[in-house]
Amino acid sequence: MQVSLQISDISKSFKDLKALKHISLEVRENELFGLIGPDGAGKTTLFRILASLLLPDEGQANVAGFDVIKDYKQLRKNIGYMPGKFSLYQDLTVEENLNFFATIFNSSIEENYDLIKDIYVQIEPFKKRKAGDLSGGMKQKLALSCALIHKPKVLFLDEPTTGVDPVSRNEFWGMLKKLQKKGITIFVSTPYMDEAALCDRIAFINQGEILQVDTPSAIVKNFAKQVLNIQTPSIYKALRVLGSYQHTHSIYPFGESLHYMDSRKDFDWNEVLNHLKNEEIKDVEGELISPEIEDVFMELSRN
Amino acid sequence: METTIKATNLTKSFGDFTAVDKLNFEVEKGEIFGFLGANGAGKTTAMKMLIGISKPTAGDAMVANYKVSTQADLVKKNIGYMSQKFALYDDLNIKENIQFFGGIYGLNAKTLQQKYQQVVENLGLENYVKQLVKNLPLGLKQKLAFSVALLHQPKVVFLDEPTGGVDPITRRQFWELIYEAADRGTTIFVTTHYMDEAEYCDRISMMVDGKIKALDTPKALKKEFGAETLNEVFLNLAR
Amino acid sequence: MKKFIGFVKKEFYHIFRDKRSLFILFGMPVAQILLFGFAISNEINNVDIAILDKADDKNSKEIIVNLKASKYFNVLDYLQSEKEIETAFQKGKVKAVVTFDQDFARNLQRPKTSKLQIITDATNPNVANTITNYINSIVVKYQMVNLQQDPPPQLVQSESRMFFNPALESVYMFVPGVMTVILMLVSAMMTSISITREKEVGTMEILLVSPLKPSTVIAGKVVPYIFLSLINAIVIVLLSVFVFQMPIMGSLFWLSIESLLFIVTSLSLGILISTLSSTQQTAMMISLMGLMLPTILLSGFIFPIESMPYPLQLISHIIPAKWFIIIIKSIMLKGVGFSFFWKETLILVVMTIFLLGLSIKKYKIRLA
C-alpha cells in the first residue's frame, strides 16, 4: 500500500495554547480516514497545516508526495479542501459558485462531471438559487462539489457533517464511499463518535494529541476493560449511587442506560447490580457488552 | 402528575406556508423532553412560540400555566433558556454574568449574592472567580450557562442543542446536571438534531414537515421501528 | 487569463447583488456633490443685517438702497442708538450692523476719515469676514459710480480680483475635493471590505488553497473597482458641469489619466488595509479613520494647508489626496498643462508603486 499522507512530529502553538503536540500519522492511498475528536481538539489546525494554509512550528508533512511547506504550489493543485464552515459565496447561485471554483482551478463543470455527477444531480434542480438560501444539507453537497471540481487526489473534509441533520449526514457518508471507489483518498474529521465506524481507519484526537490509530473494529476489540450496561428507570439515582461506589472505575450515562467499568481486573457484575438493589434502585437489569467507540474514546482521554 | 407544557393545535403559518402544523403534546413536571427534527422541519419555529417570542397563528400552548398567545410576558418570566451558540457574555466574569442575567429576572442583590456563592460552590469554580468567562474550559462554561438559566428557578428550561460537538465526557457531566435539575422538578425541553443528545431524554418527539410524526420514549420508538439506534428511527421517519 | 476573467465576473456579481454597496457606490457621489454644492457653501446669501443711520441723508439712503438691492443682504431692522447694537446681536437675528456717522455726507468727500462702520457678529469669523468684504465692495462701488462728477477722491482704492473663480462660487472649490473623497472611499474602503469579507466567510481559505496566484486575486479584486470608480468620476464631472455650470478649463485627457492614477493609489491603499485586518468591521474602521478623515481634513479640501500648524503641514505631504487635489484643481480650474503638475503626478506614481509593492508583499499565501 502506498502512503498518501505522511505526518511526522507536527506541533503547532497559538500564543499559550498548544493546539497540536507532536502529531504523527500515516494515511494510505485510497483510504477513507477519519480524525475523530471533540471541538477544540486540534482537528482544524491539523487540516490547515495539511492544506498548506498554516505553517507548523515543528515537524513535516507530505500530501500526495508534496511537502506542505516547500511544494505548496504543487500541493494546492492536487488537493480538494472543504473548510469547517461551508465556504461558499452566499450571494452567488449554485451554478455560479461551481463555475467560479471550476475556473480558478483551470477546469470546468463538464470536464469532471462524472466525478461530481452523483452529488450534483441532487442540487441541480436548485442551480439558479443563491447558495445562502440552501438548507444545510444542500450547502454541504455544493461545497463538496466545489472541492471536487478539479479532480483532486486527496480530499480534506473538515467536519463536513457538523450542523447537518441525520438524513443529510447519512447521504453524505454514502457519497464519500462512492468517491473512495473512484480512487480518491479522503481525510475527514468529525466530532461524532458514531461516524467513526464508517471509516476504514480512525485516529482519536484530544487536546492536540493522537490517542490511538486503528480500524474501528480493532479499536473496540482490543479494548482491555469490560463494560457493564445497566438499565433502570431511575438513571439519575443509579448514577449517583455508582458515582460513590468503591469499585467504580467510571460510570457514564449512555442514552437510557449506564455504562459501568470496574476498577478491578476481574469482577462479578452481579455484585454491582446487587449494590444498586441494596440502595433501593428498582428494576435494575445489566449485561456485559462489547464497548462502543465512545467508551474507548472516553477511557483514552481520561488518561 | 402536573403538566407544564401543553400544546393544543399549535400552528404557525407564513403566508401559504405552514411551518408548524397543529402540534398536540403534553410535557410533565420534571420530565426531560426531546424535541427533534431535521433542518427546516419547523422545530425552531415551534420553540419560538413556546418561549413566547412568536405568536401562534392558530391554536395555543400553555407553558408554565400561561398561554403563549396572550400571556407571553408571564411565560417568559417563568422559563429559562440556554443555547450553545449564545449563553453567557464572554467578556464578563462569573459574578457579572450572574448579576446581569439574574437582574433581568428581577432578583435582588442579596439573592444574587447567595446564588452566586451557590453556583461557584456547586460547580467548583473557586479558581475561576477572577477570570472572564471566555477563559473557562468549555465544559465548565456550559455548566455555568445552565446554572445561570436556572437562577430564577423557572418551571421549564428550554435547551437549544446544548451539547452538540462537545467532547463525550463533558457532555455526560452536563447531562448529570440536567438529570439533577429534572429530579428537583424542573421540566427540561431540549431541541436538537443530534441523536446522541436525544438518547438521554425521557420522551422524544420527532418533527417532519411541520408535524409531529412520532412521540414516545426512545426505547419504545426503537422497538416500534425495529431499529437499533435513534438515528435509524429518524431516517425512517424523515424519508 | 480565463481564471482572471472568471474572478472579475464573480466580483461583479457580488457588487450588483449587494444593494447597500451599490447605493454607496452610486448614490453617494450624487448626494455628496449636491450637498456640497447647494447646502454647505462659503458664500453668503440673504444675510440679515441692521442699519443705524445717524446721518439720514441722501448718500446714506442711497447706500442702504444698494445694500437692499443686492442679493446678499436683507435689512431686517433700523436701530436708533449704539446701545441697541449689542442687543441686536445677542438676539442673534442679525449678522452685521452698518452705522453711518452724523456727518457722513461731508466726510465722504474727505480722504482717510471713517465714513461708515461695519460691525459684524464674529462667532463665525469666516462669514463675518465675507460680509465685511461684500458690504465694503458695495460701498466702494457706490462711491465710484455716484461721486464721478466730483473730482475722484485722493485715496488709493484697493481692488481685488478673484482669479480662476471670479464669482467666488464655492462649488468650484468643492468639486475637486468631493471627487477626491469619493474616489478614495469607493476604491479603498470597498476593496478592503470585499477582501476581508472573503476572510470572514471563509472563502479566502479556498482561494488560498487554489492554484490562483496572489497577483491574480489582487488584480481580480481591483479591476472591477477601477471601472466603477471611473464611472463615479465621470458622474461627478458631469454633475458639476451640467448642474453647477462649472467650466473645465484643462484637458479631459489629463483629467482622466490623473483620476485613473489616483484610483489606483487608493485601491492599493485598500488592499494594504485588507491585509492588515481580518474582519469587515476593522477594515471599515481603518478606512474611515485612517483614510477618510485625513483626506477630508488634511488634504486642503476644506482647510487650507498653508494655515495649518507646521507638523500638520508635514503630515499632509504623505496624504495622496493633497497631491491629487492640486492636480485636478490645476486641470479643472486653471486649465494648465502637464508641465505644471508633473511633480505632483510623479509623487502619486511613487506612492502607488510603494503601496502596491507593500501590499503584494504583505498578502499572505497562508492563513495568519
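Since this is a predicted model, take the numbers as computed values, not measurements. Naming convention: chains lettered A, B, ... in sequence-line order (proteins, then strands); numbering from 1 in each chain.
With a threshold of 4.5 angstrom between heavy atoms, B:Gln173 does not approach chain A through any atom at all. Contact of A:Glu256 with chain B is made through backbone and side chain together, with heavy-atom distances under 4.5 Å. For chain B, the nearby part of A:Phe297 is the side chain; its heavy atoms alone come within less than 4.5 Å. Contact annotation for B:Lys43: neither backbone nor side-chain heavy atoms come within less than 4.5 Å of a heavy atom of chain A. Only the side chain of A:Gln231 comes within contact range of chain B, with heavy atoms under 4.5 Å apart.
Ranked by heavy-atom pairs shorter than 4.5 Å toward chain A, the options B:Thr217, B:Asp202, B:Ile169 are led by B:Ile169. Of all the listed residues (B:Glu180, B:Arg172, B:Glu199), the one sharing the greatest number of non-hydrogen pairs under 4.5 Å with chain A is B:Arg172.
With 3.5 Å as the limit, one finds a donor-acceptor pair spanning the side chains of A:Ser189 and A:Asp158. In the model, A:Glu285 has no side-chain atom that pairs as donor or acceptor with a side-chain atom of A:Thr232 under 3.5 Å. Residues A:Thr93 and A:Lys127 bring no donor and acceptor atom of their side chains to less than 3.5 Å of each other. Using modelled atom types and a 3.5 Å distance limit, the side chains of B:Glu161 and B:Thr192 yield no donor-acceptor pair. A:Glu294 and A:His259 are not linked by any side-chain donor-acceptor pair at a separation below 3.5 angstrom, with hydrogens and angles left out of the test.
B:Glu31 contributes a side-chain N or O that, together with a main-chain N or O of B:Glu28, makes up a donor-acceptor pair within less than 3.5 Å.
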